[in-house]
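So you know, we letter chains A, B, ... as the sequences are listed, proteins then strands, and number each from 1. Only this structure's heavy atoms are used, side chains among them; waters, hydrogens and symmetry mates stay out.
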There are 2 protein chains.
Amino acid sequence: MSSALNRQNQLSEPTIARLPVYQRIAQEMLRRGTTKTDSKRLGELAGVTPATVRRDLSGLGPLGTRGSGYDVQTLEVQIDEALGHNRHYDVVIVGLGNLGRALVGSTNFLIRGAQIIGLYDIDPSLVGTTLNNIPVLDPREGIMNATIGVICTPAEAAQAAADALVGANIHAILNFSPRVLDVPVGTAVRYVDFSIELQILAYHLTNGTGPLGGGLLRTLGLTTPPVVARPS
Amino acid sequence: MSSALNRQNQLSEPTIARLPVYQRIAQEMLRRGTTKTDSKRLGELAGVTPATVRRDLSGLGPLGTRGSGYDVQTLEVQIDEALGHNRHYDVVIVGLGNLGRALVGSTNFLIRGAQIIGLYDIDPSLVGTTLNNIPVLDPREGIMNATIGVICTPAEAAQAAADALVGANIHAILNFSPRVLDVPVGTAVRYVDFSIELQILAYHLTNGTGPLGGGLLRTLGLTTPPVVARPS
DNA sequence: GGATGTGAAGTAGTTCACAGCC
DNA sequence: GGCTGTGAACTACTTCACATCC
C-alpha cells in the first residue's frame, strides 16, 4: 500500500476530519496559481491554529520544508493518498427526491475514485429510467453490492433503506435522513442532518459564543453524531 | 431567559452536537409511544456510552429520576429549550439548484422556531416567482436581513453569496458549497460538505477501523470543519 | 433494587516552545 | 531568518465508580 499510509494509521478522528478541509484549501490555491503556503495561512483558512495544522500534516510524513513551508501540490496529493483515494469506491444512492437528485447531478459530491453505480427509488415512474446514465431500480427487489450506500429517503423509509443496504453487504452508510438507524455492529453510519447543523448554529447565536454575545467565534472540534452499534 | 440556560452555558461543543441527536431519539420514541427511557438505551441508539449520555444531560439540570431513568417528553422539551428553540430564527437560502429546492421543500430541514423568509437565485427565470409561497429574489440587488443564511450555490458563486449575506448583516452562515469562505471575524460559518463526509467514510473503510479491517467501528467524536476568522 | 448525577481518574487532543533544518 | 516537526505542558473530553435518591 501507499507509503504515507503504512507510516502509521494512527491519525486521530479530528485530524481525519480536518484533512479534507486542508485539501480543499490546497485545491483552491492551485486553482489560483498559489504553489507555496505555510501552516499559518492554512490555519487561518481552516479556522485552526498553525500548531494544529503542523501536527495534523506531520502525521502524513514530513511533507513540509523547514524555513519555507508546504508545497501546495504535494499537500494535495499526499492528503489524497492518506485518505485512501487511490482505492475505488462504488456508491449507490437510495431515494431520488430533490436531495438524491442533487447528489447525482453534483460534481462536488463525488470524491476521486468514487463512482455512482446504482440509484434506487420506489416511485414506479422513476424505476426503469436512467439519471445521468445510471439506472434507477426498485430497492425492494434488492440492492447491488457497493462500497458505500447513501440514504436520501424520507424519514419513514430510512430504516427499510438501511436494511436493504445491509442486505447487500454494504458496510458504510451515509445517512441524510433524520432517523437514527438500527444496523448491525460493524456497519459504519455517518449522519448528515441538516436540521442538526441549523441547531448548532442556532445554539451559538443564542449563547455567548456567537456574535450576539460577542467574542471571537472559534468553535473548534464540533463533533457530528457518528456511528453506532446495534441497540439491544 | 429560560431556566435551563442560565444554569450555566458551559455546554461543551461535543455535548452541543450530541443534544440534537438525543432529541431526535426522543422524538422517535414519542412517535412510538415510549414514555420512559434510560441512559443505557439512549447511549446505544446514539452510539455513545451511558456515562456520556448522563454527563451531557446533567448539563441541562437534573432532568432524570434516579432509579427509573428519563421521561422522554421532558427530555425532548428540555433539549429544545437548551438549544434555544424558544427563540425565532429567520432563514434565507441563496442558490436554488436541486439542493436549495430540497431544503425549501423538506420538513426535516427546519427546526422549531426557524422560518425561511427569503430565497435567492440569479437565474432570471426563477426571480420573481415563489417557491412554497416564499418569494425568489435576485441576490445582487441585496439580501434581506435574517438570522441565518444558507449557501447552496455552486462553488464559484459561494464567495459572492457570502459577501451578500455579510452585507445584509447576517452573522451565521450554513455553507453547503465546497468552498472555504472568507468572512469577517464574528461571523460563524458552519460547513456541510458532502464529499468530505464521503471521504471520512472512505478513510474508515480503507483503514483498520472499518469492517474491511475488522473491529468494532465506533468512531466517536468525529469533528466537522467549523468556523473561521478572516484570513489575513 | 436500580438508575441518576458527579467527583476522581484516565485518555485524547491541542497548544506551547524550541531544536533542527532549509 | 524563518518555518517545520515534535517532546513536553496543558486543556478538554470521556469513562469509571460510587454515593445518592426514587
Side-chain angles (χ1 to χ4, degrees), chain A residues 4 7-19 21-22 35-44 46-72 74-75 78 209 216 218-227 229 232, chain B residues 4 7-19 21-22 35-44 46-72 74-75 78 82 209 216 218-227 232:
Chain A
R7 174 167 303 273
Q8 72 246 52
N9 24 346
Q10 62 220 45
L11 299 177
S12 73
E13 281 301 321
T15 297
I16 293 163
R18 282 189 298 263
L19 286 179
V21 180
Y22 302 143
T35 61
K36 282 278 178 192
T37 190
D38 55 47
S39 61
K40 182 164 171 290
R41 181 94 189 109
L42 284 168
E44 283 166 352
V48 299
T49 64
T52 298
V53 173
R54 293 200 299 278
R55 177 78 63 192
D56 285 342
L57 295 179
S58 75
L60 314 185
L63 41 82
T65 311
R66 290 167 201 239
S68 81
Y70 299 92
D71 177 73
V72 179
T74 308
L75 212 57
Q78 288 300 311
T209 351
L216 171 62
R218 204 142 205 289
T219 38
L220 299 175
L222 296 182
T223 59
T224 40
V227 161
S232 62
Chain B
R7 175 169 304 273
Q8 72 247 53
N9 24 347
Q10 61 221 49
L11 299 177
S12 73
E13 281 301 323
T15 297
I16 294 164
R18 281 189 299 263
L19 287 178
V21 179
Y22 302 143
T35 61
K36 282 278 179 192
T37 189
D38 56 45
S39 60
K40 182 165 170 292
R41 181 95 190 107
L42 283 168
E44 284 166 351
V48 300
T49 63
T52 298
V53 173
R54 293 200 299 279
R55 179 76 64 190
D56 285 341
L57 295 179
S58 75
L60 313 186
L63 41 81
T65 311
R66 289 167 200 242
S68 80
Y70 299 92
D71 177 73
V72 179
T74 308
L75 211 57
Q78 288 300 310
T209 351
L216 171 63
R218 206 147 204 288
T219 39
L220 299 175
L222 296 182
T223 60
T224 41
V227 160
S232 63

Below 3.5 Å, does any donor atom in the side chain of R55(B) face an acceptor in the base of dT15(D), or the other way round? yes
In this structure, how many angstroms lie between the C1' atom of dA12(D) and the CZ atom of R18(B), rounded? 12 Å
Side chain of Y70(A) only, heavy atoms from C-beta on: which candidate in dT14(C), dT6(C), dT4(D) is closest? dT4(D)
Do the side chains of D71(A) and T65(A) get nearer than 4.5 Å, heavy atoms only? no
For L63(B) and dC21(D), give me the distance from atom CG to atom P, rounded to whole Å. 17 Å
Selected nucleotide, minimal atom distance to R66(A) side chain, candidates dT14(C), dG20(C), dC16(C): dG20(C)
Residue-phosphate contact under 4.0 Å: T52(B) side-chain N/O, dT14(D) OP1/OP2: no
Rounded to the Å, how far apart are K40(B) NZ and dA17(D) P? 18 Å
Can you figure out which of dG2(C), dC3(D), dC13(D) approaches the side chain of S12(B) most closely? dC13(D)
Mind calculating the distance between CG (D56(A)) and C1' (dT4(D)) to the nearest angstrom? 14 Å
Here the distance between atom P of dG5(C) and atom CD of Q78(B), to the nearest Å, is 11 Å
Close side-chain approach of T37(B) to Y22(B), heavy-atom, < 4.5 Å: no
Within the 4.0 Å heavy-atom criterion, would you say L42(A) contacts the bases, only the backbone, or no part of the nucleic acid? nothing
Gap between atoms CD and P, on E13(A) and dT11(C) respectively (whole Å): 18 Å
Under the 3.5 Å rule, do the base of dT4(C) and the side chain of R54(B) count as making a donor-acceptor pair? no
L75(B) has an atom CG; how far is it from atom P of dT4(C), in whole Å? 11 Å
OP1 or OP2 of dA3(C) under 4.0 Å from side-chain N/O of S39(B): no
Indicate whether OP1 or OP2 belonging to dT15(D) is found under 4.0 Å from a side-chain N or O atom of T49(B). yes
With side chains defined as the heavy atoms from C-beta onward, is the minimum distance between L60(B) and L11(B) less than 4.5 Å? yes
Is any side-chain heavy atom of T15(B) closer than 4.5 Å to one of T52(B)? no
Toward the 5' end of DNA chain C, by each residue's nearest nucleotide, G64(B) or S68(A): G64(B)
Decide yes or no for L42(B) and L75(B): does some side-chain heavy atom of the first lie under 4.5 Å from some side-chain heavy atom of the second? yes
Whole-Å distance separating the CG atom of L19(B) from the P atom of dC13(D): 13 Å
